[in-house]
Amino acid sequence: MKSYQAWCRLALFAFPRDYRRRRGPEMLATLLDGSCPGQTRPSVRELLGIVAGGLRCRLRLRPGAGPLVLACSTVLTTAILGGAAATWLAWAITSPALPSDAEAKAIAQAVVGAAPAGVRRTSIPYHLDFDVEQLSGVEVAFPDNGLAWAPRRLNTEGWSVARADNYGLVAYRADLKMTVLLYSRPLLLRIDHAEPPIVTTATIAGFLLCGLGGWLLNARLGRRCAGRPAVSAWIVAVGALTIEFFLPLCFYALVEYIGGHINGGQAEPVWSPLGWQWVRVLAGTGVAMAIALLVVSLMPVPPDTATPRKRSMSTG
Amino acid sequence: MSLQEPSFLILSALTTRPLHGYGLVSEVQKLSAGRVRLSVGTLYGALDRLAEQGFVSVDREETVGGRLRRYYVLTDEGAEALAAEVNHLRANADLAASMLRKRAAQSAPRLAAS
């Protein structure tokens, strides 16, 4: 029986700690009452039932499609925003400084074979300035005097061409990336950093961790709502509105980001759509609501209000 | 609001007297003629929801042979919800039965003709 009890105690770890504290002894008693004499461990069905119940309790998934849709939307939104934040962090930490204006001019001159007209720097790596939606980079412009572009110079200067079409060309050398806008008059060269290898790993890690965080937030809010229909209705309404503000933008940004990577072109920061003029107020409202939900979730979960009469018996 | 089968059987089991966890598992198994055997996860998940809805409440606790037994009792709201569900199921069953009778009446002349 001791072995049976140990198995049950182990399986009950599937439930959250505070739930185990409240329900654990009672659940253990139910399991022990249902065991056969001499039984050394619960059946696989019993174990699966306990673990499934524990996970459902941890995730606070209620029956019905609505809570599931809301939970999945929360997870998706937090995962995408978390992935974006991790991408920014990885760029900010690992990306070295861009070439200076003089270095950029020299690189461009060597490739084009003519003196550039001017240099313009754009933003910082994965910036937070919503007015500029480009990644950091140095743009070098050439005078519009019918300059002929000679791509073969790229190879002699050590650049390898990754993609070329009628509109532009992308080439890499060490950790630098050069984009030549062929349709542009005057001819424009843009020098950025190639994406550091850690960025993809960080994006995936941020996506997964924040997705998990979103689920836990959902679970925590679910516990706050338990037995409080009025609180529940408010939290669900605010949560649904928050998701409403973020989800379409997150989807759009994700498609843009992945599409940018697949095409080998410039991938916009995932949050850049949040900075669009017409979206800014909505995004700001969404952020305020998300913070409000986070604050509510951090408040202590109210204890059980039931105060049962206690009685002890020695046998039974 | 429709009750799920475990919740329906738990409320039914509590109609006559308060029961503890294992008592509920046994009673539900008996009421369903052995068809439904509640796992502990399902039982306590259903009890949590029913308590949240105010359909059951804790009656008392006992410690028997070192084991904690918490007894649950059906509340008035729970009894009302169960009665509403019974009426709902009965109405559906009556409807299905009348449709089956119609079907049988329609197919009887055809069988007689053939």
Side-chain angles (χ1 to χ4, degrees), chain A residues 1 5 8 11-12 14-16 19-20 22-35 42-64 67 222-223 225-229 231-232 304-316, chain B residues 1-8 10 13-14 18-30 34-75 77-78 81 85:
Chain A
M1 188 54 77
Q5 193 165 333
C8 292
L12 287 174
F15 287 86
Y19 190 89
R20 274 201 318 274
R22 268 187 297 130
R23 285 265 199 225
E26 180 191 357
M27 292 171 90
L28 187 63
T30 303
L31 285 163
L32 292 174
D33 286 346
S35 65
S43 66
V44 174
R45 182 185 171 278
E46 280 173 319
L47 284 174
L48 287 178
I50 299 168
V51 172
L55 291 178
R56 213 167 39 231
C57 181
R58 277 185 188 276
L59 303 179
R60 292 302 291 187
L61 255 190
R62 293 165 169 281
R223 240 175 285 172
C225 294
R228 300 171 158 204
V231 176
S232 176
D304 262 359
T305 48
T307 48
R309 288 177 279 129
K310 282 194 177 178
R311 209 190 300 175
S312 279
M313 291 166 73
S314 56
T315 56
Chain B
M1 184 184 53
S2 180
L3 289 171
Q4 291 187 318
E5 192 180 22
S7 301
F8 179 82
I10 288 170
L14 290 173
L19 288 169
H20 58 76
Y22 182 66
L24 273 168
V25 173
S26 308
E27 191 65 17
V28 163
Q29 196 170 6
K30 202 168 85 182
R35 191 172 52 80
V36 178
R37 182 169 164 74
L38 295 174
S39 72
V40 166
T42 308
L43 171 69
Y44 286 98
L47 279 174
D48 287 339
R49 280 194 299 278
L50 292 171
E52 267 175 34
Q53 291 167 310
F55 294 168
V56 301
S57 63
V58 177
D59 181 53
R60 64 183 190 277
E61 283 180 1
E62 287 176 1
T63 305
V64 182
R67 293 178 190 175
L68 176 71
R69 286 181 174 171
R70 191 170 282 155
Y71 285 77
Y72 295 89
V73 66
L74 186 69
T75 62
E77 290 90 340
E85 184 70 8

Between [X] and [Y], what is the shortest heavy-atom contact and its length?
X     : Y     : result
A/G49 : B/S39 : CA-OG, 3.8 Å
B/R70 : A/R22 : NH1-O, 3.4 Å
A/A29 : B/R67 : CB-CB, 3.7 Å

Between OG1 on residue A/T30 and CG on residue B/L68, distance to nearest 0.5 Å:
8.5 Å
To the nearest 0.5 Å, atom CG of A/D33 lies from atom NE2 of B/H20 at 6.0 Å
Test side chain to side chain contact (heavy atoms under 4.5 Å, CB included) applied to A/Y19 and B/Y44, step by step
CA-CA 11 Å; A/Y19 190 89; B/Y44 286 98; 3.6 Å; yes
Contacting moiety of A/E26, where chain B heavy atoms sit under 4.5 Å
both
